[in-house]
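This report concerns only the one structure given below.
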Amino acid sequence: MSANPIEMQNFTLMDEDEIQQRIVAAKAVLGDRLIILGHHYQREETFRHADVAGDSLKLSRSAANSKAEFIVFCGVHFMAEVADIVSRPEQIAILPDLAAGCSMADMANLANVERAWRELSEVLEPDEQITPMTYINSAADLKAFCGRHGGIVCTSTNARHVLEWAFEKREKVLFFPDQHLGRNTGFSMDIPLEEMVVWDYEQPMGGLTPEQIKNAKMILWKGFCSVHQLFTPEYIDEFTEKYPETNIISHPEASFEVCQKSDYVGSTEYIINTIRDAEPNTRWLVGTELNLVNRLHEQFKHEGKNVHFMSGTVCMCSTMFRIGPSSLLWVLENLVEGNVVNQIKVPADEAEQALLALNRMLDVSP
Ligand code: CIZ
């Protein structure tokens, strides 16, 4: 490692074309020592440099199978943590911008989840009756909590399989942090809405009565993704009045009402595959992150497919697609110089417990 890492400020005013060319050059120098993983939600200027593009499930598998010395994650903090946990100890996971996060993941923290577990023990025997299940959009310490309490991780691609596994183990599920993914998946498995209660982590006992807790099959954490809450049934109605032939496709982080009005509901991989495999000259209204919707539009317009974003207003999640080309170049040129910057390292004991929950997920995922 050279004595002084190159500073980020050297890159902030650099010409965009120069940044692009230098990323390509740095990648060529690093060769097989490097793998860049890019989540579908990333902006185009960064996404185009990914060696593997995918959702969290696909990228977790790529990280686990990669032999590269450096895993540079163009995604968010929890994804880079997963890459660190599932890769070998000598591999180094890097997140080019440490401010790349997920506000929904921040809605569940370990202290609140442990408090919920303690409070639930006043009514039930949590370690015998409840499987804790966390969406992959959560911090490593929550994945570790699930690991040590017989629980599991899911992504939106495998939520149903994982939920089936969770119910085989215990009669109830505590699902965090996204109530919508939990509710939409539970409902698709015929769990009635009244058996899915919301745990409000700002209230004692989650704001629930002992009866409500005893009668619930799923206890849903009161978390949500603000981008997916932009989508409304009213907008779908307005749009389909104008274009009745439209296919509606939504991500399960959208509300129950939006998902109920949709022809198709599924993860980013599912959305991409469904539109890719659709007949030419079809119209799609898509309820998920805008960078992905724009990319789908560009990718499939030559087939006459019209792909639209499910909202008239745009409110981007500024942390989800935070990784800009200049921060990517900054970490790559530092690696070329022998400097590791922005390494994401999960403490060993936490990583070991989180790996239990992640491996359970990888084992049950189709
Ligand atoms: O699983 C993921 O990567 C997320 C966050 C969404 C999706 O559906 O791909």
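Just so you know, ligand 1 is whichever comes first in the structure, and atom 1 is the first atom listed for that ligand.
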Checking Lys217 against Phe167: charged group under 6.0 Å from the ring centre and within 45 degrees of the axis?
yes

*asked:* Under 4.5 Å between side-chain heavy atoms, counting indirect links through other Ile/Leu/Val/Met/Phe/Trp/Tyr residues: same cluster for Leu329 and Leu30 or not?
replied: yes

At under 4.0 Å between heavy atoms, what of His39 touches ligand 1? The answer is side chain

Per-atom filter on ligand 1: closer than 4.0 angstrom to a heavy atom of His251 are 6 (C), 7 (C), 8 (O)

Inspect the contact between Arg148 and Glu114 and indicate whether a charged nitrogen and a carboxylate oxygen are less than 4.0 angstrom apart. yes

For Tyr135, the atoms of ligand 1 under 4.0 Å from one of its heavy atoms are 4 (C), 5 (C), 6 (C)

| said: Within 45 degrees of the ring normal and closer than 6.0 Å to the centroid, is that where the cationic atom of Arg183 sits relative to Phe256? | reply: no

Check: Is there side-chain contact between Ile152 and Cys146, with heavy atoms separated by less than 4.5 Å?
Finding: no

protein heavy-atom neighbour closest to atom 5 (C) of ligand 1 works out as Asn137 OD1, 3.4 Å

query: Are Glu238 and Lys242 within salt-bridge range, i.e. N to O under 4.0 Å?
result: no

So the atoms of ligand 1 within less than 4.0 Å of a heavy atom of Ser267 turn out to be 8 (O)

- Query: Taking distance alone, with no angle check, do Tyr41 and ligand 1 share an N/O pair under 3.5 Å?
  - Reply: no

shortest atom 1 (O) of ligand 1-to-protein heavy-atom contact is with Ser56 OG, 3.4 Å

Correct closest heavy-atom pair for Asp178 and Tyr135 would be CB-CD2, 3.9 Å

- When only distance counts, is Ser156 in polar contact with ligand 1, meaning an N/O pair under 3.5 Å? yes

Atom 9 (O) of ligand 1 sits nearest the protein heavy atom Thr268 OG1, 2.4 Å

